[in-house]
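First comes the structure, then the notes that go with it.
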Amino acid sequence: MIYRPIHESKTGFSYTNPKAVLEAMDKLGFVLQKVSGSSDKYWITGKFIDGKFHDIISGSKYYKLVLNRFDFGIECPGDYNAFSMAGKVRQEIGELISK
């Protein structure tokens, strides 16, 4: 699995606020399912766009939102897909914050 951060602590000592990250993902319409046996990982199963649910990827689970102590990001098997998804979520969170 490849991990790509969405946001990292600038100082290396600022903690990630899991509640704020999960609330932002919910506001953006992402549907998360807790990874069994893990307290800090969530499958991204889909997203609501204009009130309609869309699968993120068909078939088996693919993208994971990972909440670490000093960063959070996307984990998935493909390097480009992890990079692309992390960038998309980063952009959407930035737009959400600037509103």
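What's counted below: heavy atoms across the whole structure, side chains too, no hydrogens, waters or symmetry copies.
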Checklist entry - Could you go step by step and tell me if Ile93 and His7 meet the side-chain contact (heavy atoms from CB on, under 4.5 Å) rule? => result CA-CA 10 Å; Ile93 287 174; His7 178 74; over 6 Å; no

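- Annotation: Tyr3, atom OH; neighbour count of heavy atoms from other residues, nucleotides and ligands within 6.0 Å is above 12.
- Rounding to the nearest 0.5 Å gives a distance of 8.0 Å between CD1 of Ile6 and CE of Met85.
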Checklist entry - Passes side-chain contact (heavy atoms from CB on, under 4.5 Å), Ile44 versus Met25? Steps please. => result CA-CA 10 Å; Ile44 301 174; Met25 294 296 283; 4.1 Å; yes

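- With rounding to the nearest 0.5 angstrom, the CD1 atom of Ile74 is 11.5 Å from the NZ atom of Lys64.
- The pair Lys88-Glu92 counts as a salt bridge, with a side-chain nitrogen and a carboxylate oxygen less than 4.0 angstrom apart.
- Using a 4.5 Å cut-off between side-chain heavy atoms of Ile, Leu, Val, Met, Phe, Trp and Tyr, with links allowed through other members, Val66 and Trp43 fall into different hydrophobic clusters.
- Screening residues 4-18 for salt bridge (charged side-chain N to carboxylate O under 4.0 Å, His left out) gives Arg4-Asp79 as the qualifying pairs, with residues at least two apart or on separate chains.
- With hydrophobic clusters built from ILVMFWY side chains whose heavy atoms lie under 4.5 angstrom apart, Val31 does not share a cluster with Tyr42.
- Under the 4.5 Å side-chain contact rule for hydrophobic residues, Ile97 and Leu67 share a cluster.
- In the hydrophobic cluster analysis, where Ile, Leu, Val, Met, Phe, Trp and Tyr join through side-chain heavy atoms closer than 4.5 angstrom, Leu28 is grouped together with Leu22.
- The two atoms that bring Cys76 and Tyr62 nearest to each other are CB-O, 3.4 Å, heavy atoms only.
- Here the shortest heavy-atom pairing between Ser14 and Ser9 reads N-OG, 3.0 Å.
- Rounded to the nearest 0.5 Å, atoms OH (Tyr63) and CG (Asn81) are 4.0 Å apart.
- Of all heavy-atom pairs spanning Glu95 and Ser98, the tightest one is O-OG, 3.0 Å.
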Item to check | side-chain contact (heavy atoms from CB on, under 4.5 Å) assessment of Asn68 paired with Thr16 | outcome: CA-CA 7 Å; Asn68 294 315; Thr16 297; 5.7 Å; no

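- Dense packing is recorded around NZ of Lys34, with more than 12 heavy atoms of other residues, nucleotides or ligands lying under 6.0 Å away.
- The hydrophobic cluster containing Leu32 also contains Leu96, counting ILVMFWY residues as joined when their side-chain heavy atoms lie under 4.5 angstrom apart, directly or transitively.
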Item to check | Evaluation steps, side-chain contact (heavy atoms from CB on, under 4.5 Å), between Leu65 and Val89 | outcome: CA-CA 10 Å; Leu65 174 68; Val89 174; 5.8 Å; no

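- With rounding to the nearest 0.5 angstrom, the OH atom of Tyr15 is 13.5 Å from the CG atom of Asp71.
- As a member of the Ile/Leu/Val/Met/Phe/Trp/Tyr network built from side-chain separations under 4.5 Å, Phe13 groups with nothing else and remains a singleton.
- Distance OG1/Thr11 to CZ/Phe70: 8.0 Å, rounded to 0.5 Å.
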